[in-house]
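Read the structure below first, then the notes.
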Amino acid sequence: MKKLFGGLLLLIGIAICLDDIGGLLVLLLTGALMVYGLKRWKRATTEGQKVVAVLVMGVAALLLFRWFPSVVGLLIGGVLFYLGWKVFNGGLSISLEKVTAPRTPTNDTSFDADWRAFMDKQNKQ
């Protein structure tokens, strides 16, 4: 049962990662644009070069905000893949058995409970 659960987590993680692989490519492009913009801004000698550098970094920021959900999806897929791999290989102990706790009496506020309490009180007198 653990192998089945681990395999299921693996498949879900792989599916999420493959679905969001475009987000990873855009994230790499965003990082490259940001680094290029920062280097160009530090080496800028004229005001026009600084404007171009800021525009490149602005495009990188827009790409980052546009593809942020894909990056989150990649992170979730990676976590599910990792957990599935650990469960599948037995490195993570998960109990899939149904856990039943003993039933403890709670504060029963029904009419029957009130009636029993009243009758018990009357019988003691």
Side-chain angles (χ1 to χ4, degrees):
M1 188 70 174
K2 286 184 183 181
K3 294 248 184 209
L4 178 68
F5 183 67
L8 185 64
L9 280 178
L10 276 170
L11 289 176
I12 291 171
I14 288 171
I16 290 173
C17 284
L18 289 178
D19 184 41
D20 289 330
I21 201 74
L24 180 63
L25 296 175
V26 171
L27 181 66
L28 293 175
L29 175 68
T30 301
L33 282 174
M34 191 63 76
V35 168
Y36 175 75
L38 284 173
K39 284 184 179 181
R40 189 164 174 113
W41 186 65
K42 286 182 181 180
R43 294 180 182 163
T45 56
T46 64
E47 201 63 36
Q49 290 175 341
K50 286 185 180 183
V51 168
V52 170
V54 168
L55 287 175
V56 169
M57 289 188 292
V59 168
L62 288 175
L63 282 174
L64 181 66
F65 289 124
R66 166 70 174 100
W67 291 102
F68 185 72
S70 295
V71 174
V72 171
L74 278 171
L75 290 174
I76 291 171
V79 167
L80 288 176
F81 181 81
Y82 173 75
L83 290 175
W85 183 258
K86 291 297 251 181
V87 170
F88 191 75
N89 287 329
L92 188 66
S93 61
I94 292 180
S95 175
L96 299 176
E97 298 173 7
K98 185 177 179 182
V99 177
T100 57
R103 187 154 191 183
T104 58
T106 58
N107 293 339
D108 193 4
T109 59
S110 66
F111 175 77
D112 292 333
D114 290 341
W115 183 255
R116 271 183 262 136
F118 174 74
M119 291 304 288
D120 288 341
K121 187 176 177 184
Q122 293 300 321
N123 288 337
K124 288 183 181 178
Q125 290 180 357

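Numbers here are sequence positions counted from 1.
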Validation row: R40, V56 side chains within 4.5 angstrom (heavy atoms) =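 R40 vs V56: side chains apart.
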Look up atom CD in Q122 and atom CZ in F118, then write down how far apart they are to the nearest 0.5 Å.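 These two atoms lie 4.0 Å from each other.
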inquiry  = With a 4.5 Å cut-off on side-chain heavy-atom distances among I, L, V, M, F, W and Y, is there a chain of contacts connecting Y36 to V59?
reply    =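 Linked within one cluster.
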* Asked: Are V79 and I76 joined in one hydrophobic group, where the rule is that I, L, V, M, F, W and Y side chains link up if heavy atoms are under 4.5 Å apart?
  ->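 Both belong to a single hydrophobic cluster.
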For M57 and L33, what are the C-alpha separation, side-chain angles and deciding distance, and is it a side chain to side chain contact (heavy atoms under 4.5 Å, CB included)? CA-CA 7 Å; M57 289 188 292; L33 282 174; over 6 Å; no
Non-hydrogen atoms of A61 and M34 that approach each other most closely: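 Scanning both residues, the minimum pair turns out to be N-CE, 4.3 Å.
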* Asked: G37 and A53: which non-hydrogen atoms are nearest, and at how many Å?
  ->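 Minimum heavy-atom separation between G37 and A53: O-CB, 3.5 Å.
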Margin query: If the condition is side-chain contact (heavy atoms from CB on, under 4.5 Å), which residues does A44 pass it with, not counting sequence neighbours?
Written below: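 Counting only residues at least two positions away or on another chain, A44 forms a side-chain contact (heavy atoms from CB on, under 4.5 Å) with Q49, K50.
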Practice problem: Just jot down the side-chain contact (heavy atoms from CB on, under 4.5 Å) partners of Y82, sequence neighbours excluded, or say none. | Solution: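 Only K86 meet the side-chain contact (heavy atoms from CB on, under 4.5 Å) criterion with Y82.
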